[in-house]
Amino acid sequence: MTLAPYACDPGTSRGRRFPEPAAPTRSDFQRDRDRIVHSTAFRRLVYKTQVFLNHEGDLFRTRLTHSLEVAQLGRSIARTLKLNEDLVEAIALAHDLGHTPFGHAGQDALNNCLKTHNPESAGFEHNLQSLRVVDSLEERYPAYNGLNLTFETREGILKHCSRRNARHIEAREPGGVAHRFVAQDSSGPRWQQPSLEAQLANLADEIAYNAHDIDDGVRSGLLGMDQLEDVALFSQYRRETELANPGLQGRRLLFETIRRMLSAQVYNVIDATLGAVRKAAPANVDAVREHPPLVCFDEEMASRSASLKRFLLQNLYRHPQVVETTQAAKQVVRDLFEAYMADPAQMPQAHIDRFDGIDMPHAAGAKPERVVADYIAGMTDRFAAKEHERLMGRSVFPA
């Protein structure tokens, strides 16, 4: 497929931190995707929470199935926009590699642990942790830590970053993946955008989780189809489904409604983005960075998507049953952090060897609290629960 002039071309990539010869049969972005798929962190996503904890059922989305859905949506849209499908897929598959066990509850708990232990700590950001995973925590190659991905994939993985953390990355990697968060001109801070492929992976993430969280919420019994009648983005396509399929009920009605809702959002992104690109007329990838986000919904769809997110926040993510399990999950993370800080020997030796001052070829020289956070963040839900039971002698989750 011929790429648009403003798409990322692997032939003109800004390269890897450690130069490598080109592969004979794959582009650099295809190699990135393959390295991600074969990584340990990617395999762990199968047992990491999306909304419902791993022990709550086999049919709910996990971080792995969510990432696959994001990649599928991203590739479908990228193909029509003539963007680089392989890069979109690589970013989509890697965007949650740094997520903790127990979803956002685990992330919040780990962030609080770090801040409480050391008020000067940078805390925990899952996007930054995903970058840490691919830059240093994976151990697969003899010459370097991490997966040595291209700049373009790494930039897409770091979709959000606090200014403080961005400055630390910029100090180690001037003009690198964090530069857009700290770039300035004479008028002050100048927030640059990432590539269109990175923007697309970000929006595909939103489209995917809005849709599958409806599905999982209804499957769990915490959401009812009637509740969703007040959500315009859902109710419109339910009515269309019922008109086209009289008498359709149950899961078939739900699935077809979500399918139509997804299709409408995909086509809306394509049309709105093509319009934004025509107006901005970026000549190349660098020109994309100087404009506001160009991969977008139109105004009406953006408003409907935001309304759906608010509905899910109030009715699913803050549902008493979900809150009860997330509070238990936070307790697990807090207890694990305190236990490992008090007795690091409870961790595998490979993690202890990363402590600051350890003389090893690949030692990261990390502070103990960061090593502990890295270890916990890499756990699956079920491993964290088992490790908590081993250390605490009790389980916080129902059998």
Q: Looking at T100 and A377, would you say the former's side chain and the latter's main chain have a donor-acceptor pair under 3.5 Å?
A: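 Checking the backbone N and O of A377 against the side chain of T100, no donor-acceptor pair under 3.5 Å is found.
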Q: Say whether, by atom type as modelled, one donor and one acceptor occur between the side chain of T326 and the main chain of V323 under 3.5 angstrom.
A: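 Checked: pair present.
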Q: Pairs in or reaching into residues 324-350: which pass salt bridge (Lys or Arg N to Asp or Glu O under 4.0 Å), with residues at least two apart or in two chains?
A: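 Only D335-R394 qualify under salt bridge (Lys or Arg N to Asp or Glu O under 4.0 Å).
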Q: Taking salt bridge (Lys or Arg N to Asp or Glu O under 4.0 Å) as the cut-off, I'd like each qualifying pair that reaches into residues 80-107, sequence neighbours left out, listed once.
A: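 Those involving residues 80-107 are R33-D86, R33-E89, R63-D96, R75-E85, R75-D86, R75-E89, R79-E85.
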Q: With sequence neighbours left out, what residues match S121 under side chain to side chain contact (heavy atoms under 4.5 Å, CB included)?
A: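 By the side chain to side chain contact (heavy atoms under 4.5 Å, CB included) rule, S121 matches L114, N118, R370.
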Q: Is NZ or CZ of R260 both nearer than 6.0 Å to the six-membered ring centre of Y237 and within 45° of the ring axis?
A: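 Not satisfied by the 6.0 Å and 45° rule.
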Q: If only side-chain N and O atoms count, and only distance matters, is there a donor-acceptor pair under 3.5 Å linking S195 with Q199?
A: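 No - no donor-acceptor pair under 3.5 Å links their side chains.
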Q: Set out, in order, the CA-CA distance, both residues' side-chain angles and the distance that settles salt bridge (Lys or Arg N to Asp or Glu O under 4.0 Å) for E170 and R167, then state yes or no.
A: CA-CA 5 Å; E170 179 72 4; R167 288 195 187 100; over 6 Å; no
Q: What about H126 and H160, are their ring centers closer than 6.0 Å?
A: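 So the answer is no for these two rings.
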Q: For K386, does the NZ atom have more than 12 heavy-atom neighbours from other residues, nucleotides or ligands under 6.0 Å away?
A: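 For K386, atom NZ is not crowded (no more than 12 foreign heavy atoms under 6.0 Å).
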Q: Looking only at side-chain N and O atoms, does R304 offer a donor or acceptor that is under 3.5 Å from a partner on Q265?
A: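 Judged by distance alone, the side chains do not pair up.
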Q: Looking only at the aromatic ring of each residue, does the gap between the centers of Y47 and F383 stay below 6.0 angstrom?
A: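 No, they do not, as the ring centres are separated by 6.0 Å or more.
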Q: With a 4.5 Å heavy-atom cut-off, do I77 and T80 have their side chains touching?
A: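 When only atoms from C-beta onward are counted, T80 and I77 do not touch, as no gap falls below 4.5 Å.
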Q: Distance-only criterion, 3.5 Å: show the donor-acceptor pairs between side-chain atoms of residues 244-254 and protein atoms not counting sequence neighbours.
A:
| from | atom 1 | to | atom 2 | distance (Å) |
| --- | --- | --- | --- | --- |
| N245 | ND2 | T241 | O | 3.1 |
| R251 | NH2 | D215 | OD1 | 2.6 |

Q: Is there side-chain contact between L228 and V218, with heavy atoms separated by less than 4.5 Å?
A: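 L228 vs V218: side chains touch.
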Q: Is R35 close enough and on-axis enough to Y141, meaning under 6.0 Å and within 45°, for cation-pi?
A: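 The answer is yes, since R35 meets both limits relative to Y141.
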Q: My understanding is that only residues two or more places apart in sequence, or in another chain, count here; which of them pass side chain to side chain contact (heavy atoms under 4.5 Å, CB included) with L313?
A: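 In terms of side chain to side chain contact (heavy atoms under 4.5 Å, CB included), with neighbours along the sequence ignored, L313 is linked to Y317, R318.
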Q: Using links of under 4.5 Å between side-chain heavy atoms of ILVMFWY residues, direct or through other members, which residues join L87 in one cluster?
A: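 The other cluster members (ILVMFWY side chains, heavy atoms under 4.5 Å, direct or chained) are F29, I91.
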Q: Does some side-chain heavy atom of N148 sit less than 4.5 Å from a side-chain heavy atom of E20?
A: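 Answer yes - side chains close enough.
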Q: Run D32 and R16 through salt bridge (Lys or Arg N to Asp or Glu O under 4.0 Å) and show every step you take.
A: CA-CA 10 Å; D32 282 359; R16 306 179 187 278; 2.7 Å; yes
Q: Could you note down all residue pairs passing salt bridge (Lys or Arg N to Asp or Glu O under 4.0 Å) where residues 305-314 supplies at least one of them, sequence neighbours left out?
A: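 Residue pairs passing salt bridge (Lys or Arg N to Asp or Glu O under 4.0 Å), neighbours aside: E206-K309.
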Q: So, S130 side chain and H95 main chain: donor-acceptor pair closer than 3.5 Å or not?
A: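 Confirmed, S130 side chain pairs with H95 backbone.
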Q: Under the side chain to side chain contact (heavy atoms under 4.5 Å, CB included) rule, collect the residues that match up with E389, sequence neighbours excluded.
A: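 Testing E389 for side chain to side chain contact (heavy atoms under 4.5 Å, CB included), a comparison that skips the adjacent residues, returns S395.
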Q: For residues 272-282, dump all side-chain donor-acceptor pairs below 3.5 Å to protein atoms at least two apart in sequence or in another chain.
A:
| from | atom 1 | to | atom 2 | distance (Å) |
| --- | --- | --- | --- | --- |
| T273 | OG1 | V269 | O | 2.7 |
| T273 | OG1 | C296 | N | 3.2 |

Q: Can you name the residues that form a ring pair (Phe, Tyr, Trp, His ring centres under 6.0 Å) with F234, not counting sequence neighbours?
A: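 Counting only residues at least two positions away or on another chain, F234 forms no ring pair (Phe, Tyr, Trp, His ring centres under 6.0 Å).
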Q: E300 and N268: side-chain donor and acceptor closer than 3.5 Å?
A: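 Distance-only check fails for E300 and N268.
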Q: For the residue pair D28 / T150, report whether a side-chain donor-acceptor contact shorter than 3.5 Å exists.
A: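 No, no side-chain donor-acceptor pair sits under 3.5 Å.
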Q: Mark yes or no for whether E197, through its side chain, and A7, through its backbone, hold a donor-acceptor pair below 3.5 Å.
A: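 It does not hold such a pair.
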Q: Going by the ring pair (Phe, Tyr, Trp, His ring centres under 6.0 Å) test, which pairs reach into residues 206-232, not counting sequence neighbours?
A: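 Checked against ring pair (Phe, Tyr, Trp, His ring centres under 6.0 Å) - neighbours excluded - the pairs reaching residues 206-232 are H66-H212.
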Q: How about L64 and K48: do any of their side-chain heavy atoms sit closer than 4.5 Å?
A: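 Not in contact.
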Q: Between the main-chain N or O of R14 and the side-chain N or O of E152, is there a donor-acceptor pair closer than 3.5 Å?
A: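 Indeed, once roles are kept as given, a pair shorter than 3.5 Å links the two residues.
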Q: Output, in order, the C-alpha distance, side-chain angles, deciding distance and verdict of salt bridge (Lys or Arg N to Asp or Glu O under 4.0 Å) for R61 and E69.
A: CA-CA 10 Å; R61 266 68 170 194; E69 291 182 28; 2.9 Å; yes
Q: Does a donor on one side chain and an acceptor on the other come within less than 3.5 Å for S162 and N165?
A: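 Distance-only check passes for S162 and N165.
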Q: Could you give me the CA-CA distance, side-chain angles and deciding distance for N145 and S136, then say whether side-chain hydrogen bond (donor to acceptor under 3.5 Å, both in side chains) is met?
A: CA-CA 5 Å; N145 288 333; S136 62; over 6 Å; no
Q: Run the ring pair (Phe, Tyr, Trp, His ring centres under 6.0 Å) test against Y267 and tell me which residues pass, sequence neighbours left out.
A: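 Not a single residue meets the ring pair (Phe, Tyr, Trp, His ring centres under 6.0 Å) criterion with Y267.
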